[in-house]
*Asks:* 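Questions regarding the structure given below will be posed in turn.
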There are 2 protein chains.
Amino acid sequence: VVARKSGQLNPACDIGIDIGATSVKAGIVKRDGRLIEKAAIKTSEIQGPDHFLTLLETLIGQMLKDGKIEKRTVGGIGVGAPGWVEHDKGIVRELTNIPDWEDVPLAQRLEEGTGLKSFVDNDANAMALAELHYGAGRGHRNIVCLTLGTGVGGAVVINGEVFRGAHGLAGEIGHITLDLEGPECACGGRGCLENYVGNRFIVENAVKRLEQDSQGAQGALLLNMAGGDPKKITPKMLSEAAYKGDTIAIKVWHETGRYIGIALAGLVNLLNPECFIIGGGVAKAGAILFDEMRKTMESLAMNDLGKETPILEAQLSADAGIIGAATLAMGCIEKG
Amino acid sequence: VVARKSGQLNPACDIGIDIGATSVKAGIVKRDGRLIEKAAIKTSEIQGPDHFLTLLETLIGQMLKDGKIEKRTVGGIGVGAPGWVEHDKGIVRELTNIPDWEDVPLAQRLEEGTGLKSFVDNDANAMALAELHYGAGRGHRNIVCLTLGTGVGGAVVINGEVFRGAHGLAGEIGHITLDLEGPECACGGRGCLENYVGNRFIVENAVKRLEQDSQGAQGALLLNMAGGDPKKITPKMLSEAAYKGDTIAIKVWHETGRYIGIALAGLVNLLNPECFIIGGGVAKAGAILFDEMRKTMESLAMNDLGKETPILEAQLSADAGIIGAATLAMGCIEKG
């Protein structure tokens with residue numbers, strides 16, 4: 001730590017906050033990407049924006065104390081939030097998990113409450129930054145990231161920076177069209193990628209296939225794992241069952257991989273990224289999913305070099321949200 | 001024109017060359033976007049890369065002479081070519097209209113032959129630059145351009161620069177998926193936008209509708225324009241017939257607009273551009289096409305601000321290719 005001007009130090013770490021549906025995770029991240037302190041709040045216990053800010057301030061104070069970290073060595077605070085965030089204005093527009101949330105100027109309010117420079121972004125953008133700086137994206141400048149979970153998030157990195165578009169809306173890869181006559185999507189669109197590969201749809205695909213499996217031979221293992229109740233199937237079960245040879249589970253992953261591969265081929269033609277990085281819970285299915293993605297993208301993308309675009313697994317799964325949010329703060333502070 | 005260093009002048013103009021299927025158009029473009037000299041070669045008369053370079057050198061010399069322009073006032077030469085161009089390397093990879101073309105280092109060879117700095121790019125990228133500097137894109141930094149013709153070309157402009165991707169392949173908007181089970185596309189993909197809105201498919205749509213129109217009441221006007229032969233229908237005829245009230249022609253344009261609108265909605269979700277700029281022959285259909293594009297995009301895009309993304313008509317139709325190629329040279333020289 002080197003002195004900058006009187007009383008100020010070159011920052012040694014940043015604080016990352018990852019707002020999720022079940023918990024808000026916070027952490028202190030060193031500038032080499034190491035997470036050195038961690039804490040969390042249950043999202044369901046947050047009563048509103050004011051309450052959230054009070055809780056965050058306490059949490060941050062406690063983490064600094066626990067880690068014996070001087071506030072003046074902290075660069076800033078980054079927050080990753082699901083949904084629509086206007087990074088440039090510091091506003092988190094929508095946050096369905098916290099009551100009474102509407103257009104909260106979170107960056108400004110955090111700065112006022114903590115005295116630390118604060119920045120907000122969409123959570124998928126924050127995760128892309130983490131992969132770019134410390135994960136599968138190191139050395140690349142133009143990448144497309146997908147986060148496969150309940151929703152399908154995404155981020156587009158251009159010339160080493162997250163591309164946010166005119167109103168911070170860019171990167172919604174889950175909502176590009178796969179089928180113009182497909183099912184209506186919650187987003188108002190039709191036949192969006194998320195309608196084929198979001199958690200719920202993967203499970204629905206398995207349930208439908210089990211129903212059609214009249215002899216019960218193909219999906220016996222999967223059904224057994226779910227205690228005989230198809231409604232209890234999870235993507236994790238599907239993954240385990242597939243690797244144990246369950247035919248239905250294998251088919252579901254192949255189909256999921258094919259859908260994602262179709263979207264990736266379109267993205268190769270449109271953005272020609274150096275690589276794709278795929279993360280999120282569903283990506284844990286591993287080779288059975290990735291091989292099919294690659295095969296499909298290769299067969300459909302336009303150009304021989306495009307067909308070879310690497311599809312990489314995200315490397316920072318568990319804490320990617322926290323690390324990404326801290327990386328956001330680091331990057332914004334370095335740009336000045 | 002101000003002296004820079006001994007013998008060199010601040011450039012007053014650039015040369016733009018637009019390689020098309022029927023003709024190669026060349027022109028001298030002042031740095032305010034005015035085209036002051038123009039010439040052309042028939043593409044079919046070009047016997048190969050060497051012949052092409054000889055023809056170009058003669059053409060450029062003649063234009064400079066005709067315009068009484070000193071070579072030292074010319075910034076450089078820009079070339080827009082259809083298909084795959086690696087701008088960074090100065091290589092035009094593929095050019096189906098000129099025999100024996102394969103990976104020609106056109107920028108270097110033009111420099112050697114003319115003594116002028118030379119640059120190459122995809123033609124849709126060059127046209128996007130023209131619109132950005134002198135047309136509908138003025139004042140914007142993040143735009144998506146579509147060129148509707150025999151093929152559907154595109155360009156993505158990010159932070160005021162054409163985004164070319166890892167291998168110069170980016171911007172192939174004609175080859176994003178609209179229907180994962182759609183018709184096979186010449187590009188190797190399936191259900192690509194071009195399969196629905198390329199010239200040939202628009203005409204095929206009309207022909208199919210005429211065949212189904214057993215009483216001949218709906219498309220009488222259109223069929224009459226084509227001299228009774230549905231095979232002779234052109235997009236231009238379809239446009240004229242539609243404005244005169246031909247029901248089939250109107251339906252074809254509405255359907256075409258809907259297809260493009262679906263693609264634009266996906267692009268809003270993915271890239272959130274400040275505006276779309278739509279050019280090319282098919283775009284001349286005007287309001288009947290644009291209104292349907294807007295309606296569809298508005299109904300399908302995710303966010304209220306996204307739904308409002310302006311869809312603008314390109315302003316530099318006839319000479320956009322030449323002006324764009326010259327703008328390419330200007331931009332590259334200014335960046336140094």
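Chain identifiers are assigned alphabetically (A, B, ...) following the order of the sequence lines, protein sequences preceding nucleic acid strands; residue numbering begins at 1 within each chain.
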*Asks:* When heavy-atom pairs shorter than 4.5 Å are enumerated against chain A, which of B/G266, B/A170, B/G165 gives the highest number?
*Replies:*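 Among B/G266, B/A170, B/G165, the one with the most close pairs to chain A is B/A170.
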*Asks:* Given the options A/H140, A/R141, A/E274, A/H175, which has more heavy-atom pairs under 4.5 Å with chain B than any of the others?
*Replies:*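 Sorted descending by pairs with chain B, the first entry is A/H175.
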*Asks:* What part of B/A301 is in contact with chain A, defined as an atom under 4.5 angstrom from a non-hydrogen atom: side chain, backbone, both or neither?
*Replies:*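 Backbone only.
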*Asks:* Of all heavy-atom pairs between B/N125 and B/G154, which one has the smallest distance, and what is that distance?
*Replies:*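 Heavy atoms only, the tightest pair is OD1-O, 3.9 Å.
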*Asks:* Below 4.5 Å, heavy atoms only, C-beta onward: do A/V203 and A/N199 meet side chain to side chain?
*Replies:*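 Counting from C-beta outward, A/V203 and A/N199 never come under 4.5 Å.
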*Asks:* Heavy-atom distance under 4.5 Å to chain B: side chain of A/R93, backbone, both or neither?
*Replies:*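 Neither part; nothing is under 4.5 Å.
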*Asks:* In terms of heavy-atom contacts, does NZ of B/K307 have more than 12 from other residues, nucleotides or ligands at under 6.0 Å?
*Replies:*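 Yes.
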*Asks:* A quick test of your reading: do over 12 heavy atoms of other residues, nucleotides or ligands sit less than 6.0 Å from CD of A/E184?
*Replies:*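 At most 12 heavy atoms, drawn from other residues, nucleotides or ligands, come within 6.0 Å of this atom.
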*Asks:* Flag the one option from B/N142, B/L300, B/T309, B/N303 with the top tally of heavy-atom pairs under 4.5 Å to chain A.
*Replies:*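 It is B/N303.
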*Asks:* Should we count CD of B/E334 as having more than 12 external heavy atoms under 6.0 Å?
*Replies:*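 Enclosed.
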*Asks:* Would you mind telling me which of A/I158, A/I176, A/L267 has the largest number of heavy-atom pairs within less than 4.5 Å of chain B?
*Replies:*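 Top option by heavy-atom pairs under 4.5 Å: A/I158.
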